[in-house]
**Q** 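Handing you a structure now.
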Amino acid sequence: MQAIVVDDDKNLSLEDVPTPTPAPGEVLVRIAAAGINRADLMQRQGLYPPPPGITDVMGMEVSGTVAALGPDVDGPAVGDPLCALIAGGGYAQYAVVPLAQVLPVPAGLSLVDAAALPEVASTVWSTIVMDAGLSAGETLLVHGGGSGIGTHAIQVAKALGARVAVTVGSVEKGERCRDLGADIVINYREQDFAAELAGQIDVILDIMGDSYLSRNVDALAVGGRLVTIGMQGGFTGEVNVASLIGKRARIIGLNVRNRPLTGPGSKAEIVSAVAADEWPLVERGLIRPIISATLPLADAEHGQAMLDSPDSVGKVLLVPPGTGSTG
């Protein structure tokens, strides 16, 4: 099969590699599309390696059809459509997926567009809903509102009846976030979100880490929950512990990729909750994939550059040769 390979200089190229074989409990997926995520850019730079035993091929979410079943797999049939959360291997024509991480394609979505959902849905639902417990009437602050995670989090929060504030870096991104339902838009180049929102925020979804840590705590309300899923602003930071204690607030560090496959807090648990609780919201039209571009797999380098651009809003998808159309 063909897959995107990273060379020693961190350049991307489309090359022939062995087609993976599904192990017990896995299915082989003929990929229709794969989503690009910021974690892929970090992996390319050597900052976020795949878990042990996982392929070095990037890509953590795909859609496609079942090509083959591993031993002891009971459920899907060859040819069935699906989308899936994976720990790696999406930038290719085929990938192996644990059955516990397979999701149905929500009714009303094309097979290609469905690739934009598994990673962002699993990340957003597990963080702001399952762990932070966002509920109707509360206020969520999303940093990077125009990102794939951000655009998805806005929609999830609004579907749950929450109020949403976002930080963005441009007027255009702010307008897109308002179109998705954001109630408060803060341009971080011109405004200090902590000063604007001091003591008002119940849940923060943070991708920055160090550079926003103390100001995030300032923005939290009593009982607030800060969920950090990224380190774009640095790996270490200081926090006013007295303020944290006084607000009875919590700081939660989370990711999805390195969780166990099954058991409490596992990927299987998250995927099951997404299918049961979020997919109905997608099928009702309350949540939809936000896609800025769909490109051929060979253009993965350009796709990653687009995702990293300040002009990008939502997800960028890659379509392998012979598996779908681009546009």
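Only this structure's heavy atoms are used, side chains among them; waters, hydrogens and symmetry mates stay out.
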**Q** Can you confirm whether P76 sits close enough to V102 that some side-chain heavy atom of one is under 4.5 Å from a side-chain heavy atom of the other?
**A**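 No; the side chains remain at least 4.5 Å from each other.
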
**Q** For the hydrophobic clusters of this structure (ILVMFWY residues joined by side-chain heavy atoms under 4.5 Å, transitively), does one cluster hold both M60 and I36?
**A** no

**Q** Is Q101 reaching over with its side chain to a backbone N or O of L85, donor-acceptor style, under 3.5 angstrom?
**A**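 Here the side-chain-to-backbone pair exists.
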
**Q** Can you give me the closest heavy-atom contact between L318 and P296, atom names plus distance?
**A** CD2-O, 3.8 Å

**Q** Please find the pair of heavy atoms, one from S63 and one from A115, that lie closest to each other, and give the distance.
**A**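 That would be OG-CB, 3.4 Å.
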
**Q** Please list all pairs passing the salt bridge (Lys or Arg N to Asp or Glu O under 4.0 Å) test where one or both residues lie in residues 67-87, with sequence neighbours left out.
**A**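 Non-adjacent pairs meeting salt bridge (Lys or Arg N to Asp or Glu O under 4.0 Å): zero.
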
**Q** Measuring from I31:CD1 to C83:SG, what's the distance to the nearest 0.5 Å?
**A** 12.5 Å

**Q** Please answer: with hydrophobic residues joined when any side-chain heavy atoms are less than 4.5 Å apart, are V185 and V156 in the same cluster?
**A** yes

**Q** Could you measure the distance from the CD atom of Q43 to the CZ atom of R38? Nearest 0.5 Å is fine.
**A**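 Reported to 0.5 Å precision, the distance equals 14.5 Å.
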
**Q** Checking side-chain contact (heavy atoms from CB on, under 4.5 Å) against L134, which of I128, L205, T127 comes through?
**A** I128

**Q** Would L226 and L213 satisfy side-chain contact (heavy atoms from CB on, under 4.5 Å), going step by step from the backbone distance to the final call?
**A** CA-CA 9 Å; L226 165 60; L213 180 58; 3.9 Å; yes

**Q** In this structure, would V164 and Y188 fall into the same cluster of hydrophobic residues linked by side-chain contacts under 4.5 Å?
**A**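 Per the 4.5 Å side-chain linkage, V164 and Y188 are co-clustered.
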
**Q** Which residue pairs pass the salt bridge (Lys or Arg N to Asp or Glu O under 4.0 Å) test with at least one member in residues 255-270, sequence neighbours excluded?
**A**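 Qualifying pairs: D131-R259.
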
**Q** I'd like to know if M1 and V6 are part of one continuous hydrophobic network [Ile/Leu/Val/Met/Phe/Trp/Tyr, side-chain heavy atoms within less than 4.5 Å].
**A**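 They do not share one cluster, since no chain of ILVMFWY contacts under 4.5 Å joins V6 to M1.
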
**Q** Applying ring pair (Phe, Tyr, Trp, His ring centres under 6.0 Å) as the test, list every pair that has at least one member in residues 85-137; sequence neighbours left out.
**A** none

**Q** With heavy-atom distances below 4.5 Å as the criterion, would you say the side chains of V96 and T21 are in contact?
**A** no

**Q** Side chains of residues 279-286: which donor-acceptor partners sit under 3.5 Å, not counting sequence neighbours?
**A**
{"residue": "W279", "atom": "NE1", "partner": "P104", "partner atom": "O", "Å": "2.7"}
{"residue": "E283", "atom": "OE2", "partner": "A107", "partner atom": "N", "Å": "3.0"}

**Q** For the residue pair S266 and P260, what are the closest heavy atoms and their distance?
**A** CB-O, 3.2 Å

**Q** Just wondering, more than 12 heavy atoms not from R225 lying within 6.0 Å of its CZ?
**A**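 Correct, the count exceeds 12.
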
**Q** If you take all heavy atoms of S312 and S292, which pair is closest and at what distance?
**A**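 That closest heavy-atom pairing would be OG-OG, 3.8 Å.
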
**Q** Do the side chains of L297 and P321 get nearer than 4.5 Å, heavy atoms only?
**A** yes

**Q** If you measure from CG on L99 to CG on L82, what distance do you get to the nearest 0.5 Å?
**A**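 CG of L82 is found 9.5 Å from CG of L99.
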
**Q** Should S126 and L254 be marked as a side-chain contact (heavy atoms from CB on, under 4.5 Å) after you check the CA-CA gap, both sets of side-chain angles, and the distance that decides it?
**A** CA-CA 9 Å; S126 66; L254 293 172; 5.8 Å; no

**Q** Show every salt bridge (Lys or Arg N to Asp or Glu O under 4.0 Å) that has at least one partner inside residues 40-65, sequence neighbours left out.
**A**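 For residues 40-65: R44-E301, E61-K315.
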
**Q** Closest heavy-atom contact between A3 and A92?
**A** CB-CB, 3.6 Å

**Q** Could you list the donor-acceptor pairs under 3.5 angstrom formed between side-chain atoms of residues 10-17 and any protein atom two or more places apart in sequence or on another chain?
**A**
{"residue": "S13", "atom": "OG", "partner": "E15", "partner atom": "OE2", "Å": "2.8"}

**Q** Please enumerate all residues that pass side chain to side chain contact (heavy atoms under 4.5 Å, CB included) together with R288, with sequence neighbours excluded.
**A**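 So R288 forms a side chain to side chain contact (heavy atoms under 4.5 Å, CB included) with Q155, L180, I290.
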
**Q** Which other residues belong to the hydrophobic cluster containing I54, where Ile, Leu, Val, Met, Phe, Trp and Tyr are joined when side-chain heavy atoms lie under 4.5 Å apart, directly or via other members?
**A** none

**Q** If two hydrophobic side chains count as joined below 4.5 Å and joins carry through other members, does I201 share a cluster with I245?
**A** yes

**Q** Tell me, with the steps shown, if L197 and I186 meet side-chain contact (heavy atoms from CB on, under 4.5 Å).
**A** CA-CA 10 Å; L197 302 172; I186 295 174; 3.6 Å; yes

**Q** Are the side chain of Q191 and the backbone N or O of N187 linked by a donor-acceptor pair below 3.5 Å?
**A**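 Checked: pair present.
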
**Q** With a 4.5 Å limit on heavy-atom distance, are the side chains of C177 and V168 in contact?
**A** yes

**Q** Between the main-chain N or O of Q93 and the side-chain N or O of Q2, is there a donor-acceptor pair closer than 3.5 Å?
**A**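 It does not hold such a pair.
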
**Q** Check whether T228 reaches the backbone of D206 with its side chain - one donor and one acceptor, N or O, closer than 3.5 Å.
**A** no

**Q** Start with the C-alpha distance between I4 and V57, add both sets of side-chain angles, then the distance that settles side-chain contact (heavy atoms from CB on, under 4.5 Å), and finish with yes or no.
**A** CA-CA 7 Å; I4 294 295; V57 175; 5.6 Å; no

**Q** Return all side-chain donor-acceptor pairs below 3.5 angstrom for residues 117-124, not counting sequence neighbours, or 'none' if the list is empty.
**A**
{"residue": "E119", "atom": "OE2", "partner": "T123", "partner atom": "OG1", "Å": "3.1"}
{"residue": "S122", "atom": "OG", "partner": "P118", "partner atom": "O", "Å": "2.8"}
{"residue": "T123", "atom": "OG1", "partner": "E119", "partner atom": "O", "Å": "2.9"}

**Q** To the nearest 0.5 Å, what is the distance between CD1 on I252 and CZ on R250?
**A**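 Nearest 0.5 Å value for the CD1-CZ distance: 4.5 Å.
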
**Q** Write down the atom of P98, the atom of L261, and the distance for their closest heavy-atom approach.
**A**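 Heavy atoms only, the tightest pair is CB-CD1, 3.7 Å.
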
**Q** Check residues 140-154 and write down every donor-acceptor pair under 3.5 Å in which the side-chain atom is one partner and the other belongs to a residue at least two apart or another chain.
**A**
{"residue": "H143", "atom": "ND1", "partner": "T167", "partner atom": "OG1", "Å": "3.0"}
{"residue": "H143", "atom": "NE2", "partner": "N216", "partner atom": "OD1", "Å": "2.8"}
{"residue": "S147", "atom": "OG", "partner": "G144", "partner atom": "O", "Å": "2.7"}
{"residue": "S147", "atom": "OG", "partner": "G150", "partner atom": "N", "Å": "2.9"}
{"residue": "T151", "atom": "OG1", "partner": "S147", "partner atom": "O", "Å": "2.9"}
{"residue": "T151", "atom": "OG1", "partner": "G148", "partner atom": "O", "Å": "3.2"}
{"residue": "H152", "atom": "NE2", "partner": "E278", "partner atom": "OE2", "Å": "2.4"}

**Q** Write out all pairs satisfying ring pair (Phe, Tyr, Trp, His ring centres under 6.0 Å) with one or both partners inside residues 36-84, taking only residues at least two apart or from two chains.
**A** none

**Q** Show me the pairs that pass salt bridge (Lys or Arg N to Asp or Glu O under 4.0 Å) and involve residues 179-191, at least two apart or across chains.
**A**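 Found K158-D183.
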
**Q** Is there a donor-acceptor pair closer than 3.5 Å between any side-chain N or O of K247 and the backbone N or O of D218?
**A**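 Side chain of K247 to backbone of D218: a pair is present.
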
**Q** With a 4.5 Å limit on heavy-atom distance, are the side chains of P50 and T55 in contact?
**A** no

